[in-house]
Amino acid sequence: MVLKIGVIGTGAIGREHIDRLTNTIAGAKIVAVTDVNQVAAQDTIEMYGLDAVVYPDDHRLIAADNVDAVVITSWGPAHEESVLAAIAAGKAVFCEKPLAATAAGAKRIVTAEMASGTKLVQVGFMRRYDAGYLGLKEAIANHAIGAPLMVHCAHRNPTVDERYSTEMAISDTLIHEIDVLHWLIADDYQSVRIDFPRNTKQAREGLRDPQIATLKTKNGVIITVEIFVNCQYGYDIQCEIVGEDGIVKLPEFSNIITRKSGQLRQSILADWKDRFTRAYDVELQAFIDALKTKGEPTGPSAWDGYIAAVTADACIAAQTSGQEEKIDLEEMPAFYR
Ligand code: NAI
Ligand code: NAD
Ligand code: ISE
């Protein structure tokens, strides 16, 4: 059986996911697309030779009889409305991060999903499918380095476009670490503080870059994440966990090493699209397979999206207060256990 998919948002990652759903992943077919920029939606159909219909908006795409499941790759602030419409229609939905722009919005989604009585939502936290992070998780679970004490991370992008704001360093960028790190060390966040080092001259006016987030967990682990989105030199994701008995670290992305002209050289990646290609493939294949075999998604849930949104709200409050802000998470409902 082939699952018929409607895609909302045909920008950068929308096209990436359409390409993989069409050419890499088994068991899915794109039958519908929409974008507030209708020309972009039409161009996408032609670009990938899709046998699909362009709908005027998300609501009409979700309502279409031949759409079995929905993939949301629109801008973050548009996600909540589309996810709620998919839940109301009883259709499974894969939503790119963030699930919603605020914790209140994510809570509305959780409430609607629980009221529907069926798990329908998977959030695009693809790092949980990355071989490097899975290796770190296994090492911690096997007590290879004893109890984790500290985590040091960096999330660096070469540049960002003019729409990117100081808050987006949290809601668009740090959100990946927010999700993956508590999952990795099986702990809960308790507080966060954000510090701003001297600003880079490469940032557009008004954008605070870089930033350093310091998160503390209930078990007393201290996590530092450098977010630097105008680092110029490449796309660089670092994560090192310091434990009582040793250290584990993400591997460098593998690339050939060249010895030439008195130099030892290895290129690094420049684009997020290349760093997590395999993880995106695996997460979307898992979404499709779970719908077929279990009738519901089994990946990162709306509750995971809610945890990330509560934490992101506290980080954004910490950006302006300059203080340590508490992260108050509710007990996970039985529905999500
Ligand atoms: P983009 O700006 O390239 O594309 C967004 C598209 O959505 C645009 O074509 C826009 O016209 C459309 N759109 C916006 N609101 C819409 C609405 N209400 N209905 C229909 N279409 C709408 O953005 P990009 O980089 O593709 O990011 C999209 C989403 O994917 C964001 O939530 C972003 O955080 C996420 N993302 C996730 C990544 C990951 O590693 N998981 C990487 C890049 C983006
Ligand atoms: P983009 O700006 O390239 O594309 C977004 C598209 O959505 C645009 O074409 C826009 O016209 C369209 N759009 C916006 N609102 C819409 C709406 N209400 N209905 C229909 N279309 C709408 O952005 P992008 O880089 O593709 O990012 C899109 C989303 O994907 C964001 O949420 C982003 O955080 C996420 N993202 C995730 C990753 C990842 O690594 N998981 C990477 C990139 C982007
Ligand atoms: C983008 O939306 C992503 O999700 C990328 O993975 C991240 O590195 C980047 O900072 C975001 O803007």
Side-chain angles (χ1 to χ4, degrees), residues 6-20 32-44 47 54-62 70-86 94-101 122-130 133 153-180 207 209-211 225-231 234-238 269-284 287 299-300 305 308-309 312:
V7 177
I8 301 169
T10 55
I13 203 164
R15 290 177 186 193
E16 290 283 312
H17 285 348
I18 284 171
D19 187 10
R20 60 174 45 87
V33 296
T34 187
D35 196 299
V36 283
N37 177 352
Q38 290 270 288
V39 175
Q42 189 57 49
D43 286 353
T44 305
M47 199 177 292
V54 175
Y55 284 86
D57 59 43
D58 53 348
H59 290 273
R60 274 175 275 193
L61 175 142
I62 290 163
V70 179
V71 169
I72 300 175
T73 46
S74 57
W75 300 321
H79 292 178
E80 181 187 343
E81 183 177 340
S82 300
V83 175
L84 287 173
F94 174 92
C95 179
E96 263 306 336
K97 36 60 63 172
L99 177 61
Q122 177 166 332
V123 183
F125 287 134
M126 78 294 175
R127 289 192 186 184
R128 294 189 186 205
Y129 297 91
D130 174 71
Y133 282 104
C153 303
H155 188 152
R156 305 193 187 111
N157 290 214
T159 54
V160 283
D161 68 28
E162 63 292 342
R163 297 172 303 177
Y164 193 95
S165 64
T166 301
E167 283 192 3
M168 283 171 75
I170 307 297
S171 59
D172 222 50
T173 299
L174 180 69
I175 198 95
H176 285 297
E177 273 80 12
I178 290 175
D179 175 66
V180 83
L207 175 64
D209 185 44
Q211 307 183 25
V225 187
E226 169 202 315
I227 311 140
F228 186 15
V229 295
N230 285 284
C231 80
Y235 184 73
D236 196 6
I237 302 299
Q238 301 284 340
L269 296 175
D271 198 326
W272 55 260
K273 291 185 187 110
D274 302 320
R275 171 61 180 84
F276 290 107
T277 310
R278 178 77 190 128
Y280 295 127
D281 290 348
V282 180
E283 73 169 346
L284 277 174
F287 175 69

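First listed ligand is number 1; within each ligand, the first listed atom is number 1. Residues: numbered from 1 along the sequence shown.
- Heavy atoms of Glu16 stay at 4.0 angstrom or farther from ligand 1.
- The closest approach between any non-hydrogen atom of Gly124 and ligand 2 is below 4.0 Å.
- Below 3.5 Å of separation, one finds no N or O of Met126 facing any N or O of ligand 1.
- The closest approach between a heavy atom of Asp172 and any atom of ligand 2 is below 4.0 Å.
- The shell of residues lying under 4.0 angstrom from ligand 1, judged by heavy atoms, excludes Phe276.
- For Arg128, the salt bridge (Lys or Arg N to Asp or Glu O under 4.0 Å) partners at least two apart in sequence or on another chain are Asp179, Asp304.
- Distances shorter than 4.0 angstrom do not occur between any heavy atom of Glu16 and any atom of ligand 2.
- Heavy-atom distances between Arg163 and ligand 2 reach below 4.0 Å in at least one pair.
- In terms of polar-atom proximity, defined here as any N/O pair under 3.5 Å, Asp172 does make such a contact with ligand 1.
- Nearest-residue assignment for atom 1 (P) of ligand 2 (options Ala279, Pro77, Ala12; heavy-atom criterion): Ala12.
- The side chain to side chain donor-acceptor pair (under 3.5 Å) test with Tyr164 is passed by exactly one of Thr159, Asn157, Thr173: Thr173.
- Closest to atom 8 (C) of ligand 1, if we only count protein heavy atoms, is Asp35 OD2, 3.4 Å.
- Contacts of Ile8 with ligand 1, taken as heavy-atom pairs under 4.0 Å, involve the side chain alone.
- Each of Phe125, Phe287, Tyr280 was checked for a ring pair (Phe, Tyr, Trp, His ring centres under 6.0 Å) with Phe94, and the lone residue meeting it is Phe287.
- Of all the heavy atoms of Glu81, none lies under 4.0 Å from any atom of ligand 1, so neither backbone nor side chain is involved.
- Within the structure, ligand 2 has Tyr280 among the residues with a heavy atom less than 4.0 angstrom away.
- With hydrogens left out, the protein atom closest to atom 26 (O) of ligand 2 is Ile13 N, 2.7 Å, a heavy atom.
- Looking at residues two or more places apart in sequence or on another chain, you find a salt bridge (Lys or Arg N to Asp or Glu O under 4.0 Å) between Arg60 and Asp57.
- Residue contacts with ligand 2 for Asp57 are absent, since no atom lies close enough (heavy atoms, distance under 4.0 Å).
- Considering only non-hydrogen protein atoms, atom 39 (C) of ligand 1 sits nearest to Tyr280 OH, 3.3 Å.
- For Asp274, there are no salt bridge (Lys or Arg N to Asp or Glu O under 4.0 Å) partners two or more places apart in sequence or in a different chain.
- Residue contacts with ligand 1, taken as heavy atom pairs separated by less than 4.0 Å, do not involve Glu283 at all.
- For atom 41 (N) of ligand 2, the closest non-hydrogen atom on the protein side is Glu96 OE1, 3.0 Å.
- Of the heavy atoms in Phe276, none comes closer than 4.0 Å to ligand 2.
- Considering backbone and side-chain N/O atoms, Trp75 comes within less than 3.5 Å of an N/O atom of ligand 1.
- The protein heavy-atom contact nearest to atom 20 (C) of ligand 1 is Val36 N, 3.3 Å.
- The closest approach between Glu81 and ligand 2 stays at or above 4.0 Å for every heavy atom of the residue.
- Within the 4.0 Å heavy-atom criterion, the part of Thr73 lying near ligand 1 is the backbone and not the side chain.
- For the residue pair Tyr133 and Arg127, a side-chain donor N or O sits within less than 3.5 Å of a side-chain acceptor on the partner.
- Scanning the protein heavy atoms around atom 22 (C) of ligand 2, the nearest turns out to be Ser74 CB, 3.4 Å.
- Of the heavy atoms in Ala40, none comes closer than 4.0 Å to ligand 1.
- Of the protein's heavy atoms, Glu96 OE1, 2.9 Å lies nearest to atom 41 (N) of ligand 1.
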Quick check for students: name every N or O atom pair between ligand 3 and the protein closer than 3.5 Å, with distances.
| residue | atom | partner | partner atom | Å |
| --- | --- | --- | --- | --- |
| ligand 3 | 2 (O) | Lys97 | NZ | 2.9 |
| ligand 3 | 2 (O) | Asp172 | OD2 | 3.0 |
| ligand 3 | 4 (O) | Lys97 | NZ | 2.7 |
| ligand 3 | 4 (O) | His176 | NE2 | 2.8 |
| ligand 3 | 6 (O) | His176 | NE2 | 3.2 |
| ligand 3 | 6 (O) | Tyr235 | OH | 3.3 |
| ligand 3 | 8 (O) | His155 | NE2 | 2.6 |
| ligand 3 | 8 (O) | Asn157 | ND2 | 3.4 |
| ligand 3 | 8 (O) | Tyr235 | OH | 2.8 |
| ligand 3 | 10 (O) | Asn157 | OD1 | 2.8 |
| ligand 3 | 10 (O) | Asn157 | ND2 | 3.4 |
| ligand 3 | 10 (O) | Thr173 | OG1 | 2.7 |
| ligand 3 | 12 (O) | Asp172 | OD2 | 3.0 |

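- If you check which protein heavy atom lies closest to atom 9 (O) of ligand 2, you get Asp35 OD2, 2.6 Å.
- When only non-hydrogen protein atoms are considered, atom 7 (O) of ligand 1 lies nearest to Ser74 CA, 3.2 Å.
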